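Taking it in order: structure first as structure tokens, then the write-up.
A, B, ... follow the sequence lines: proteins, then strands. Residue 1 opens every chain. Just so it is clear, the structure is predicted and the values come from calculations on it, not from any experiment. Quick note: numbers below take in every heavy atom, side chains included, and nothing from hydrogens, waters or symmetry partners.
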Protein chains: 2
Amino acid sequence: MDKQLATTLFESLASGIRLDIFRLLVKQAPTGLVAGEISTALALPPTNVSFHLKAMTYASLINVTQEGRYQRYRANLTVMQSLIDYLTAECCAGNPEFCFDNEKVTACCDSNSLLLSTDSH
Amino acid sequence: MDKQLATTLFESLASGIRLDIFRLLVKQAPTGLVAGEISTALALPPTNVSFHLKAMTYASLINVTQEGRYQRYRANLTVMQSLIDYLTAECCAGNPEFCFDNEKVTACCDSNSLLLSTDSH
DNA sequence: CCAATATTTCAAGAATTATTGTATAGTTAA
DNA sequence: TTAACTATACAATAATTCTTGAAATATTGG
């Protein structure tokens, strides 16, 4: 997870519509939804949804697969986990005592040491 | 953590400059830095840094305290932790098996149950 | 008070992003 | 093949965000 990717992912999440789309797709994992279903569920014009889906796909926040005439979108939960790891590393980095309550820091850092593999921590 | 706050925070992190500022302040926690130090460290015009600092402060991603003629900025690690919790809840929500590797899911969900207090999970 | 310093506000323009209707491309089923 | 359907591409406009220099505000030290 480099800065460029992190920035792009945050950009992808920094819109009410895109956040709605992502949360909808997480709820529908692993099946996902086709574009029309997303458009209907959020009551938005198909072109607008398509615009945001394209941006989110480019950012790798979601994936798309073709199913005949449908385009099925799924949340990319792997990259989301990487983003959480990145954010956790940013937050904890050298300063766990200011990031977490005392009673929580042990649980957090234990899980971090398991979840973070490559990062220095 | 409601959607509005989450969106605002993602917006705050969705710029290379603001991400640089935040990472710089995390590294300097808990002392923080005054505006001029940030401007110098990142080699950016003071007005531009001020613009971003204002946005980040409004979003509560950072805090500011006055020290004479200086304005000292600090990373708000508490809200960052809330954001990580929110993102974790979004990511895991109902679908831990698609979010984490099998060997990691136990560690993750254990820490989540400790870290998440109000959210249904 | 005055001069120097630190930071923000303001204003203007540049750049980017968002929204929507229309048109196009691709797919399916009869 | 044709008609219906799904989704995206395109184009135009609207809206927002970014960047920067100049001016304004506030504080300190002499």
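Counting to the nearest Å, the C1' atom of C/dT8 and the CE atom of B/Met56 are 17 Å from each other. B/Leu33 has its CG atom 11 Å from the P atom of C/dT7, to the nearest Å. Remark: P of C/dT17 and NZ of A/Lys54 are 13 Å apart, rounded to the nearest angstrom. At whole-Å resolution of the value, CG in B/Leu42 and P in C/dT7 are 14 Å apart. Straight-line distance from the CD1 atom of A/Ile38 to the C1' atom of D/dT6: 13 Å, rounded to whole Å. In this entry the distance linking CG of A/Leu19 with P of C/dA18 reads 13 Å, nearest Å. Put simply, CZ on B/Phe51 is 15 Å from P on D/dG21, counting in whole angstrom units. The nearest whole Å value for the distance from the NE2 atom in B/His52 to the P atom in C/dT8 is 13 Å.
The shortest distance between side-chain heavy atoms of A/Asn76 and A/Met56 does not fall below 4.5 Å.
At a threshold of 4.0 angstrom between heavy atoms, the contacts of A/Val34 are confined to the sugar-phosphate backbone, with no base atom among them. B/Arg18 comes within contact range of the sugar-phosphate backbone alone, with a heavy-atom separation under 4.0 Å but no base atom that close. Within the nucleic acid shown, A/Glu37 has no heavy atom closer than 4.0 Å to any nucleic acid atom.
One N or O on the side chain of A/Glu37 and one on the backbone of A/Val34 form a donor-acceptor pair closer than 3.5 Å.
B/Thr8 and B/Gln4 are linked by a side-chain donor-acceptor pair at a separation below 3.5 angstrom, with hydrogens and angles left out of the test.
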Can you give one letter per nucleotide of nucleotides 23-30 of chain D, 5' to 3': B if a protein heavy atom sits under 4.0 Å from the base, S if only from the sugar-phosphate, - if neither?
-> ----BS--
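Heavy-atom distances to DNA chain C give each of B/Tyr73 and A/Ala14 a nearest nucleotide, and the one nearer the 5′ end belongs to B/Tyr73.
Each of B/Leu24, B/Leu25, B/Ile21 was evaluated against B/Tyr73; a single residue qualifies, B/Leu25, per the side-chain contact (heavy atoms from CB on, under 4.5 Å) test. With respect to A/Arg74, the side-chain hydrogen bond (donor to acceptor under 3.5 Å, both in side chains) criterion is satisfied by exactly one of A/Thr31, A/Thr65, A/Asn63: A/Thr65.
B/Leu13 and B/Leu42 end up in the same hydrophobic cluster when Ile, Leu, Val, Met, Phe, Trp and Tyr side chains are linked at under 4.5 Å. Residues A/Leu53 and A/Phe51 fall into different hydrophobic clusters, defined by Ile, Leu, Val, Met, Phe, Trp and Tyr side chains chained together at heavy-atom separations under 4.5 Å.
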